[in-house]
Chemist: 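Here it is, the structure in full.
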Number of protein chains: 2
Amino acid sequence: MHGITDNLSSKMEDYLETIFILKKETGVARVGEIAKSLKVKSSSVNSAVNFLKEHGLVIHEKYGYVRLTKEGDRIASEVKSKHDIFFRFLTEFLMLDPKKAEKEACSIEHAISKETFQRLTKLFKFLEDGFKEGKPRILEKFEIYLKTGKRKKCEREKSCR
Amino acid sequence: MHGITDNLSSKMEDYLETIFILKKETGVARVGEIAKSLKVKSSSVNSAVNFLKEHGLVIHEKYGYVRLTKEGDRIASEVKSKHDIFFRFLTEFLMLDPKKAEKEACSIEHAISKETFQRLTKLFKFLEDGFKEGKPRILEKFEIYLKTGKRKKCEREKSCR
DNA sequence: TAAAATATTAAGGCATGGCTAACATTAAAG
DNA sequence: CTTTAATGTTAGCCATGCCTTAATATTTTA
């Protein structure tokens with residue numbers, strides 16, 4: 001279905017992600033900025049952009065801005081989301097040092113599956129809701145939540161294990 | 001301190017891990033078995049083994065068994081432990097399909113830090129202990145546990161949030 | 001002790017991804 | 001407007017990593 005799209009190298013994912021972030025932060029992505037972000041030379045960016053263009057992930061006219069196609073944007077935001085959720089997991093859940101977590105998220109973002117991403121997202125949602133509603137018998141409740149999509153309050157009378 | 005040791009490529013880590021596992025399962029690791037495990041040719045294993053030997057991670061005499069040095073064993077078991085803990089996390093915590101989890105653990109094992117590994121290990125220990133003792137106000141308790149190394153019972157009277 | 005199985009070496013291929021240097025285009029400043 | 005500075009592009013090249021085949025060497029086994 002997606003051709004090369006789901007076989008993209010980490011580096012290419014990094015390029016997409018960088019373009020995505022620059023666009024969000026500054027409105028546009030230019031070759032020079034991408035290069036600066038990734039600490040490579042402009043010529044390297046150029047090769048990458050050509051590659052991504054050939055695969056329908058970016059739009060780029062000579063000397064112009066680099067923009068993501070719909071598909072490119074989908075992939076980029078997916079990578080970014082994986083990064084973010086894992087960063088959250090590392091810092092909020094495992095309570096790791098944010099600086100280390102940030103670095104680590106950069107490698108893990110390329111390694112985790114969509115499904116893991118989705119589960120982590122649900123986990124956080126579950127925790128947030130759980131804390132609002134009452135005590136989180138976290139694992140049990142999360143399991144139920146995953147299975148049924150619903151949450152169950154913690155019955156006071158039970159052993160509350 | 002460790003030279004190349006902490007800059008080992010994923011592939012080299014895979015070789016070490018495979019040797020580690022074969023040794024545990026069958027008593028010895030032979031070139032052919034490593035090749036079969038990793039689905040590469042023996043000659044590829046040979047190059048890898050030479051590389052690892054040069055870096056003091058394996059011991060290998062021509063036509064003999066491949067054995068891990070102390071350092072090689074340390075790294076291998078570290079990788080394997082990362083694999084295992086992440087597999088547990090994916091299956092027990094996020095409740096992912098074991099087959100997918102197994103595959104995913106294979107990539108993540110190379111990407112997670114020692115510290116993340118340690119925290120995950122503690123998380124599981126914490127959960128196990130928590131379930132024995134009483135209810136796990138998981139996040140709060142885990143945070144205390146990480147900070148102090150001790151666990152705190154869930155007070156019934158409090159809102160039990 | 002010859003055949004089969006296994007291991008090693010040598011040579012090379014290919015993918016990835018970076019670089020420099022020369023050139024082209026665009027933007028800015030006089 | 002035109003020169004200069006900044007930016008982008010292209011071409012050619014190189015390093016790394018990791019795999020392969022084919023030829024050779026050693027060990028095992030029948």
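By convention in this document, chain letters (A, B, ...) are assigned in the order of the sequence lines, proteins followed by strands, and residues within each chain are numbered from 1.
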Chemist: Describe the nucleic acid contact of A:Tyr65 in one word from base, sugar-phosphate, nothing, applying a heavy-atom distance below 4.0 Å.
Modeler: nothing
Chemist: For the pair made of NZ in A:Lys11 and C1' in C:dC19, what is the distance, rounded to whole Å?
Modeler: 14 Å
Chemist: Under a 4.5 Å cut-off applied to non-hydrogen side-chain atoms, are B:Arg67 and B:Lys23 in contact?
Modeler: no
Chemist: Starting at CG of B:Leu52 and ending at P of D:dG17, how long is that distance when rounded to a whole Å?
Modeler: 13 Å
Chemist: Donor-acceptor pair under 3.5 Å: do we get one between A:Ser42's side chain and the base of D:dT9?
Modeler: no
Chemist: Going by distance alone, is a donor N or O of one side chain under 3.5 Å from an acceptor N or O of the other, for A:Glu102 and A:His83?
Modeler: yes
Chemist: Give the rounded distance in Å between these two atoms: CZ of A:Arg30 and P of D:dT9.
Modeler: 12 Å
Chemist: C:dT6 P sits how many Å from B:Glu33 CD, rounded?
Modeler: 8 Å
Chemist: Side chain of A:Tyr63: nearest nucleotide among C:dT8, D:dT10, C:dT25?
Modeler: C:dT25
Chemist: Without decimals, in angstroms, what is the distance between A:Lys62 NZ and D:dA11 P?
Modeler: 8 Å
Chemist: From the set D:dC19, C:dT9, D:dG8, return the single nucleotide nearest to any side-chain atom of B:Tyr15.
Modeler: D:dC19
Chemist: Indicate the ring-plane relationship of A:Phe93 and B:Phe93, choosing parallel, tilted or perpendicular according to the 30° and 60° boundaries.
Modeler: perpendicular
Chemist: Taking any heavy-atom pair under 4.0 Å as a contact, classify B:Ser9: base, sugar-phosphate, or nothing.
Modeler: sugar-phosphate
Chemist: Looking at C:dT8, D:dG8, D:dC19, which one has an atom nearest to any side-chain atom of A:Asn46?
Modeler: D:dG8
Chemist: Taking any heavy-atom pair under 4.0 Å as a contact, classify B:Ser43: base, sugar-phosphate, or nothing.
Modeler: base
Chemist: Do B:Asp84 and B:Arg88 meet the salt-bridge criterion of a basic N to acidic O distance under 4.0 Å?
Modeler: no
Chemist: Could you say whether A:Ala48 or B:Val31 is positioned toward the 5' end of DNA chain C, judged by the nucleotide with the nearest heavy atom to each?
Modeler: B:Val31
Chemist: In this structure, how many angstroms lie between the C1' atom of C:dT16 and the CG atom of A:Asn50, rounded?
Modeler: 15 Å
Chemist: In this structure, how many angstroms lie between the C1' atom of D:dT10 and the NE2 atom of A:His60, rounded?
Modeler: 13 Å
Chemist: Do NZ/NE/NH1/NH2 and the carboxylate oxygens of A:Glu78 and A:Arg74 come within less than 4.0 Å?
Modeler: yes
Chemist: Please report the distance, rounded to the nearest Å, between CD in A:Glu54 and P in C:dA15.
Modeler: 14 Å
